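Read the structure below first, then the notes.
The shown structure was predicted, so the numbers you read here are calculated from the model rather than taken from an experiment. A, B, ... follow the sequence lines: proteins, then strands. Residue 1 opens every chain.
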Number of protein chains: 2
Amino acid sequence: MPELPEIRVIAAQMDKELSGKKVADAEPRQPKNLNVPVEDFVKAVKGKTVSHVTSKGKWIFAELEHGYLLLINLGMYGELLYYAKGQKLPERYQFRLAFADGSGFTIFFSWFGYVHIVTERDASKHNMTGKLGIDPFNNGFTFGRFDDLLTSKRRTRLKSFIMDQKNVAGVGNVYAQDILFGARLHPDREISTLTKEERRGFYDSIKNVLSRSVELGGLAYEKDFYGRNGKFGASEFKVGYKEGKPCPACGTTIQKIKTGSTSTYICPKCQPLKKIN
Amino acid sequence: MPELPEIRVIAAQMDKELSGKKVADAEPRQPKNLNVPVEDFVKAVKGKTVSHVTSKGKWIFAELEHGYLLLINLGMYGELLYYAKGQKLPERYQFRLAFADGSGFTIFFSWFGYVHIVTERDASKHNMTGKLGIDPFNNGFTFGRFDDLLTSKRRTRLKSFIMDQKNVAGVGNVYAQDILFGARLHPDREISTLTKEERRGFYDSIKNVLSRSVELGGLAYEKDFYGRNGKFGASEFKVGYKEGKPCPACGTTIQKIKTGSTSTYICPKCQPLKKIN
DNA sequence: AGTTGCAACAGGGA
DNA sequence: CTCCCTGTTGCAAC
């Protein structure tokens, strides 16, 4: 469930805390999380200094010296936690990176996640991040660009479109709910049925919802780099996970519907499937 | 509907009749059937002698001098007919190849088909024949090889598998019917559910059904190189196109069912979808 | 609920 | 009911 806001918050904290620190050791306990054999991984990161940490969509990009890139994805749920020198480590974790000053971080994956190492030269060939779409916080994410994206995918349903990381990177099932509601769009609408105003509203809603959550430090049930929970709690959701509650706009009872293989919460009145003239 | 048996019969007749003959001219009336501009095509074949004609799946491979290959596919229905010197040509045809001795052949495509020219060097790059699977009459078509093929496609349904030319080349909707019945397999079974015996029976049935038709000169409603119809008629089909008739093995009424986008005739008792223990 | 790849399916075209 | 390609959805697996 960590989506763009949570990842963006953690990446910013990592950037501040870790830039300039030298990797002393890596402890990958679960080889399946890696894209290379354990020894190769340890060899690649050991002794290198962190130069910068950024994020794109749901992925953390930790740049190391000499053109190496550590790509981290927390999967369904994960805790990426900093520890200071001498601080007690979490009971369970599948991965740990230790720095020369005694600090470090651990990652606990509840189900599955990735810690991949690539060179910057080969970064574009990395399967999971090489084809990511644009990050909504990237300056290039203009309405024009978003509109072009929509135009290239006329037959796709809105929920599919917005959750496909190759289009816009970072939106998962959690934020998709309120993004669609914010634009008053039904998840099963086909892109080709959107008016110009709706496209614009869709774009604005993506920025609004994600920005709001970043401002609040992410979801209330997710932890940041220092183990603190975000402030985007239940009261922030408009329709997401509010089945049976009244729509904040019109009072209609919010429904939980099946959209493909996922569930979506909608206000049936504010988000009609068929356009009402 | 020409499938492997019909094509194999025609290719063998072409090989006997045309080997050693020199191409005097080509008359491609429908540029869309070709893979190169008309002039290039004519230039490439003119003056060259036919060295050998073979087939692979539903494709005819006519080898010309100097490493050229004529690749012919008759599509849904087509008539590829020889004519002797002075003989009257068919009324309608889209393609004609004339030899120096005055003989030649015409092709009538009822819907669409291909006459492509490639060099042997580039043959593997030809889109439609380059990735063809093995021809069941090839010596390499052993049970071991077929079994490996099955193993590599666990989740595919049997009818899809056998009709995919990239797996085994030559089986279309016509012969697929009796091949499946011969092995007592339901078209919608998934490969992974097959026992070793069923795999073996599947393999044997492919060879049995196709060999039988080749022996009889192909389907009764298809013409060979000399315009003669084959002898694989309605009486040869076990369940194919026999809706409402009794199963030859158990007497149960044969059904016509939808399998994906095609229809399949099955005996519901001999070819159960769920394995009966 | 995250990611990929495979398989199925629909549409359009040669 | 041939052959191809593209795009989309659904499913199983890591």
message: D/dT8, OP1 or OP2 - any side-chain N/O from A/Ser160 closer than 4.0 Å?
response: no
B/Tyr241 side-chain N/O to D/dC1 phosphate OP1/OP2 under 4.0 Å: yes
- request: Could you please name the option among C/dG2, C/dA8, D/dC3 that lies closest to any side-chain atom of B/Thr156?
  value: C/dA8
query: At their closest point, which heavy atom of A/Ala169 faces which heavy atom of A/Gly133, and how far apart are they?
result: CB-O, 3.6 Å
statement: Rounded to whole Å, CG of A/Leu74 lies from P of C/dT3 at a distance of 11 Å
- prompt: Can the ring centroids of B/Phe146 and B/Phe202 be said to lie less than 6.0 angstrom from one another?
  reply: yes
- line: Among C/dG11, C/dT3, C/dA8, the one nearest any side-chain atom of B/Arg157 is C/dA8
statement: Numerically ordered, the residues 106-115 of chain B set in heavy-atom contact under 4.0 Å with DNA chain D is B/Trp111, B/Tyr114
task: Write down the distance between CD (A/Gln30) and P (D/dC14), rounded to a whole number of angstrom.
output: 13 Å
query: For the pair made of CG in B/Leu132 and C1' in D/dC4, what is the distance, rounded to whole Å?
result: 13 Å
message: Once you measure the plane-to-plane angle for A/Trp59 and A/His126, does it fall in the parallel (<30°), tilted (30-60°) or perpendicular (>60°) bin?
response: perpendicular
message: Can you measure A/Lys166 atom NZ to C/dT3 atom P for me and round it to whole angstrom units?
response: 10 Å
query: Between D/dC1 atom P and B/Glu222 atom CD, what is the distance in whole Å?
result: 11 Å
- prompt: A/Asn127 has a side chain; which of C/dG2, C/dA8, C/dT4 sits nearest to it?
  reply: C/dT4
task: Round to the nearest Å and state the distance from A/Asn167 atom CG to D/dG7 atom P.
output: 12 Å
Interatomic distance where CD belongs to B/Glu3 and P belongs to D/dC1 [whole Å]: 9 Å
Candidates C/dA8, D/dC3, D/dT8 - which lies nearest the side chain of B/Met128: D/dC3
- line: Taking C/dA7, C/dT3, C/dG2 as options, the one with an atom nearest any side-chain atom of B/Arg155 is C/dA7
- prompt: Within less than 4.0 Å of OP1 or OP2 of D/dT8, is there a side-chain N or O belonging to A/Lys153?
  reply: yes
- request: State the CG-OG1 distance between A/Leu81 and A/Thr106, to the nearest 0.5 angstrom.
  value: 5.0 Å
task: Tell me what A/Thr262 touches on the nucleic acid: a base, only sugar-phosphate, or nothing, going by heavy atoms under 4.0 Å.
output: nothing
message: Whether the A/Asp224 and A/Gln13 side chains hold a donor-acceptor pair (N or O, under 3.5 Å, no angle test) is what I'd like checked.
response: yes
message: For B/Phe232 together with B/Phe237, are the ring centres under 6.0 Å from each other?
response: yes
query: For the side-chain contact (heavy atoms from CB on, under 4.5 Å) test, which of A/Ile257, A/Ile254, A/Leu273 pairs with A/Ile266?
result: A/Ile257
- prompt: Considering heavy-atom distances to DNA chain C, does B/Lys32 or B/Ser152 have its closest nucleotide positioned more toward the 5' end?
  reply: B/Ser152
- request: Report the distance from atom NZ of B/Lys58 to atom C1' of D/dC1, rounded to the nearest whole Å.
  value: 9 Å
Atom pair NZ (A/Lys223) and CZ (A/Arg228), whose distance is rounded to the nearest 0.5 Å: 11.5 Å
